[in-house]
Amino acid sequence: KAIREKLDVDVPIIIVSAYDYSEIEDEFLQAGADAFITKPLFKSKMLQVLHVFLSSDSSDERNVQEENIHTRTDCKKILLAEDNDMNREIAVELLQMQNILVDAVENGQRALEAFEASAIGEYNAVLMDIQMPKMNGYEATRKIRSMERPDLRSIPVVALTANAFEEDRKEAFEAGMNGHIAKPFDLDKVNEVLEQFL
């Protein structure tokens, strides 16, 4: 509030918080803030919000874009773990085409850390690559499933794998995974799996 009193209205103030947006929306809007980013902070999430305020000089267009940011907090949100840069970029693009928010990380350890830092119910699903450095998808899923959180029973963990053999599916299931998406990514297959679980 104090900063807003001293700043021009064209200077955006962005709230960064681990709290669910819907619970504090009125409070931060009344304080004079313009947008909201949830923790943990990811580059894709920050760029998405910052782009709104840096891409246009038109206040009318900015207002429309701001409304879209607020609305998108009600969309589905997925944690994506994929170590291959190109595969990760393709997956993020396909998911965002479906109006899904994505937090993307490059290995199982980062996925575990992101999930640990997330608010209860923040993620609607986890897409987990199997073969990753530092911690593979099976181990990361086991550790996520072992947490004491009320949302663990309902959140689906979907394997991303180029291997679709029966033994791979069995190991994925035993690790706590609910299904799989074969690579290379296909939009129809991604939609089919997401519709099944979301």
Side-chain angles (χ1 to χ4, degrees), residues 1-82 88-107 109-128 140 144 147-158 190 194 197-198:
K1 290 177 182 178
I3 292 173
R4 174 51 75 204
E5 289 175 1
K6 298 180 182 298
L7 281 182
D8 187 86
V9 69
D10 290 333
V11 180
I13 297 177
I14 301 170
I15 298 294
V16 179
S17 175
Y19 291 104
D20 179 60
Y21 167 85
S22 61
E23 295 178 2
I24 61 172
E25 176 181 7
D26 292 339
E27 186 177 355
F28 90 74
L29 287 176
Q30 290 171 8
D34 301 284
F36 184 85
I37 302 178
T38 55
K39 294 179 183 179
L41 296 176
F42 291 96
K43 182 171 68 173
S44 59
K45 187 191 302 181
M46 294 176 65
L47 287 176
Q48 175 191 344
V49 176
L50 292 173
H51 178 74
V52 169
F53 299 102
L54 300 178
S55 64
S56 172
D57 294 327
S58 166
S59 60
D60 289 340
E61 182 175 343
R62 178 184 292 178
N63 288 338
V64 172
Q65 290 175 319
E66 287 175 14
E67 289 176 6
N68 288 339
I69 285 182
H70 298 164
T71 301
R72 290 193 66 179
T73 61
D74 297 327
C75 298
K76 300 297 184 183
K77 185 174 182 182
I78 285 178
L79 174 61
L80 167 69
E82 166 63 64
R88 188 166 62 248
E89 187 175 330
I90 291 171
V92 168
E93 195 68 31
L94 290 175
L95 292 167
Q96 289 180 343
M97 286 170 60
Q98 307 304 310
N99 200 31
I100 293 173
L101 299 176
V102 185
D103 283 343
V105 296
E106 67 275 13
N107 59 57
Q109 180 63 44
R110 290 292 307 278
L112 178 62
E113 292 168 357
F115 195 86
E116 284 178 325
S118 69
I120 301 298
E122 179 176 348
Y123 293 119
N124 298 103
V126 178
L127 300 185
M128 185 79 74
I144 288 174
M147 294 180 191
E148 295 184 5
R149 290 176 52 136
D151 55 347
L152 283 179
R153 290 181 177 271
S154 59
I155 186 168
V157 179
V158 179
V190 171
L194 292 180
F197 291 110
L198 300 184

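For reference, positions follow the sequence shown, starting with 1. Just so we're clear, the structure is a prediction, and the values are computed from it rather than from any experiment.
Atom-to-atom distance recorded for Ile78:CD1 and Glu122:CD is 13.0 Å, nearest 0.5 angstrom. For the atom pair CD1 (Ile14) and CD1 (Ile37), the distance works out to 5.0 Å, reported to the nearest 0.5 Å.
Closest heavy-atom contact between Arg149 and Gly121: NH2-N, 4.2 Å. Of all heavy-atom pairs spanning Leu79 and Ala114, the tightest one is CD1-CB, 3.9 Å. Among all heavy-atom pairs drawn from Glu82 and Arg88, the shortest one is O-NH1, 2.6 Å. In plain terms, the two heavy atoms of Asp10 and Asp8 that are nearest each other are N-OD2, 2.9 Å. Of all non-hydrogen atoms in Met147 and Phe115, the two that sit nearest each other are SD-CD2, 3.7 Å. Taking each heavy atom of Ala119 and Asp151 in turn, the nearest pair found is O-OD2, 4.4 Å.
Annotation: side chain of Leu194 is in contact with side chain of Ile100 (closest heavy-atom distance under 4.5 Å). A 4.5 Å side-chain heavy-atom check between Ile144 and Ile155 finds every atom pair outside the cut-off.
Atom CD of Glu89 has 12 or fewer heavy atoms from other residues, nucleotides or ligands within 6.0 Å. The neighbour count for Ile3 CD1, taken as heavy atoms of other residues, nucleotides or ligands under 6.0 Å away, does not exceed 12.
A side-chain donor from one of Tyr123 and Asp103 sits under 3.5 Å from a side-chain acceptor of the other.
Between Arg4 and Asp34 there is a salt bridge, with a side-chain nitrogen of the basic residue lying less than 4.0 Å from a carboxylate oxygen of the acidic one.
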